[in-house]
Engineer: 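One structure, pasted below without further comment.
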Amino acid sequence: MFPLRGLTSTPLPPLHLKTSHPLPPLNATISTAITNKFSISDQDLESRGFNLHRTIADLNLDHLNKVFVAVGFPRRDPQKIRLALENTNSLLWVEYKKTQKPVAFARATGDGVFNAIIWDVVVDPSFQGIGLGKAVMERLMEELLEKGIINIALYSEPRVLGFYRPLGFVADPDGIKGMVYSRKKNSKR
């Protein structure tokens with residue numbers, strides 16, 4: 001996910017996961033799913049020098065903040081980042097072993113049963129284009145779907161909508177229009 005820059009008069013609609021096909025049973029056999037589950041396997045990521053993490057343990061928030069800033073997010077207070085991550089239902093980040101720094105990240109919040117919203121999908125610009133964003137999203141989506149959560153939304157800038165479409169996201173399903181609460185800042189007198 002990339003940040004919106006400046007003020008907009010109309011918020012962008014959320015993207016929702018297309019769920020026109022029934023989900024397989026959670027205990028279905030997974031022999032073929034294991035071999036073709038992800039576009040890049042965990043083993044391939046590891047052989048390329050990356051580690052996958054699903055907790056905030058070992059996540060350096062200053063380094064994560066640098067990735068946020070590198071993709072255009074505003075710099076965030078590390079204490080607020082920590083609080084947000086402690087209140088996050090699912091997260092996944094990729095560490096580049098050579099530097100021991102995060103290079104890709106995504107998280108989801110929600111009620112843990114019916115609904116989730118994906119936030120902060122970022123890939124360090126020097127690592128974009130090699131499949132790390134897709135690897136993070138595929139695994140995060142799998143985790144949410146395994147929990148039975150099928151109403152999954154995310155917000156995205158128009159320039160990256162094409163990244164999310166192959167992952168099953170569509171804009172404005174059934175004509176739904178999203179709304180965002182916005183409180184205008186008081187101007188100085």
Side-chain angles (χ1 to χ4, degrees), residues 1-6 12 14-15 17 33-110 112 116-147 149 152-169:
M1 186 164 76
F2 295 89
L4 296 174
R5 291 189 173 84
L12 294 173
L15 293 175
L17 180 65
I34 289 175
T35 56
N36 296 325
K37 191 183 226 181
F38 303 121
S39 56
I40 301 173
S41 71
D42 292 0
Q43 296 79 13
D44 190 28
L45 283 168
E46 190 171 326
S47 73
R48 292 168 152 196
F50 299 103
N51 288 324
L52 292 166
H53 300 272
R54 293 184 180 274
T55 68
I56 61 173
D58 301 323
L59 177 57
N60 182 310
L61 300 181
D62 289 325
H63 292 154
L64 178 61
N65 216 358
K66 288 178 183 175
V67 177
F68 287 157
V69 170
V71 300
F73 284 23
R75 179 159 173 64
R76 298 171 175 178
D77 178 329
Q79 295 296 54
K80 288 185 177 182
I81 294 173
R82 177 166 302 287
L83 184 59
L85 296 183
E86 288 170 353
N87 288 288
T88 292
N89 301 91
S90 301
L91 67 86
L92 195 133
W93 61 283
V94 176
E95 170 191 45
Y96 185 46
K97 288 187 218 178
K98 195 179 274 188
T99 61
Q100 296 183 321
K101 294 181 180 179
V103 295
F105 177 88
R107 69 186 185 103
T109 59
I117 299 176
I118 296 175
W119 305 97
D120 300 332
V121 180
V122 293
V123 176
D124 183 308
S126 58
F127 289 88
Q128 290 178 0
I130 60 172
L132 295 180
K134 188 173 185 181
V136 168
M137 282 296 296
E138 287 172 339
R139 286 159 178 82
L140 189 61
M141 293 298 303
E142 177 196 50
E143 183 178 330
L144 296 172
L145 292 169
E146 282 181 352
K147 291 177 181 178
I149 300 170
I152 303 168
L154 65 85
Y155 290 88
S156 172
E157 282 193 358
R159 66 185 173 88
V160 294
L161 292 178
F163 169 76
Y164 295 105
R165 285 190 181 108
L167 295 168
F169 287 89

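Treat the numbers as computed from the prediction; the structure is a model and nothing was measured.
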Engineer: Under the side chain to side chain contact (heavy atoms under 4.5 Å, CB included) criterion, do K37 and E138 qualify, and how do the steps go?
Structural biologist: CA-CA 9 Å; K37 191 183 226 181; E138 287 172 339; over 6 Å; no
Engineer: Evaluate side chain to side chain contact (heavy atoms under 4.5 Å, CB included) for Q79 paired with L83, printing each intermediate quantity in order.
Structural biologist: CA-CA 6 Å; Q79 295 296 54; L83 184 59; over 6 Å; no
Engineer: Donor-acceptor pairs under 3.5 Å, side chain of residues 53-61 to any protein atom, not counting sequence neighbours: which ones?
Structural biologist:
residue, atom, partner, partner atom, Å
H53, NE2, E95, OE1, 3.1
R54, NH1, E143, OE1, 2.9
T55, OG1, A57, N, 3.4
N60, OD1, D62, N, 2.9
N60, OD1, H63, N, 3.0

Engineer: Using side-chain hydrogen bond (donor to acceptor under 3.5 Å, both in side chains) as the criterion, list what pairs up with N65, not counting sequence neighbours.
Structural biologist: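 If we apply the side-chain hydrogen bond (donor to acceptor under 3.5 Å, both in side chains) test to N65, skipping adjacent residues, there are no hits.
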Engineer: Output yes when a side-chain donor or acceptor of R139 lies under 3.5 Å from a complementary backbone atom of A135, and no otherwise.
Structural biologist: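 Present.
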Engineer: Would you compute the distance between atom CD1 of I81 and atom CZ of F68 and round it to the nearest 0.5 angstrom?
Structural biologist: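 So the gap between those two atoms works out to 5.5 Å.
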Engineer: Atom CD1 in I117, atom CG in L144: separation rounded to 0.5 Å?
Structural biologist: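 Answer rounded to 0.5 Å: 11.5 Å.
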Engineer: Which atom pair, heavy atoms only, marks the closest approach of I149 to L145?
Structural biologist: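 Minimum heavy-atom contact is O-CD2, 3.4 Å.
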Engineer: So, for K134 and S39, which heavy atoms are closest and what is the spacing to 0.1 Å?
Structural biologist: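 The answer is CD-OG, 3.5 Å.
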Engineer: To the closest 0.5 Å, what do you measure between CE (M141) and CZ (F38)?
Structural biologist: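 These two atoms lie 11.5 Å from each other.
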Engineer: Looking at CH2 of W93 and CG of L52, how far apart are the two atoms once the value is rounded to the nearest 0.5 Å?
Structural biologist: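 With rounding to 0.5 Å, CH2 (W93) is 10.0 Å from CG (L52).
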Engineer: Are side-chain heavy atoms of Y164 and V121 found at a separation under 4.5 Å?
Structural biologist: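 In contact.
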Engineer: At what distance, to the nearest 0.5 angstrom, does CD1 of I118 lie from CG of L91?
Structural biologist: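 It is 12.0 Å, given to the nearest 0.5 Å.
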Engineer: Within a strict 4.5 Å, meaning less than it, do heavy atoms of the L161 and F169 side chains meet?
Structural biologist: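 Of all side-chain heavy-atom pairs linking F169 with L161, none is under 4.5 Å.
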Engineer: Mind running side chain to side chain contact (heavy atoms under 4.5 Å, CB included) on L132 and I40 for me, showing each step along the way?
Structural biologist: CA-CA 8 Å; L132 295 180; I40 301 173; 5.6 Å; no
Engineer: Indicate every side-chain donor-acceptor pair of residues 100-107 with a distance under 3.5 Å to a residue at least two apart or in another chain.
Structural biologist:
residue, atom, partner, partner atom, Å
R107, NE, D120, OD2, 2.8
R107, NH1, T88, OG1, 2.7

Engineer: Working to the nearest 0.5 Å, report the span between CG of D42 and CZ of F50.
Structural biologist: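 Nearest 0.5 Å value for the CG-CZ distance: 13.5 Å.
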Engineer: For P125 and V71, which heavy atoms make the closest approach, and how far apart are they?
Structural biologist: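 Scanning both residues, the minimum pair turns out to be CD-CG1, 4.1 Å.
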Engineer: Would you check if the side chain of K66 reaches a backbone N or O of D124 as a donor-acceptor pair within less than 3.5 Å?
Structural biologist: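 Pair absent, no side-chain N/O of K66 close to backbone of D124.
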Engineer: L154 and M137: which non-hydrogen atoms are nearest, and at how many Å?
Structural biologist: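 Closest approach of L154 to M137: CD2-CE, 4.0 Å.
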Engineer: Which heavy atom in P74 sits nearest to a heavy atom in V69, and how many Å separate them?
Structural biologist: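 It is C-CG2, 4.3 Å.
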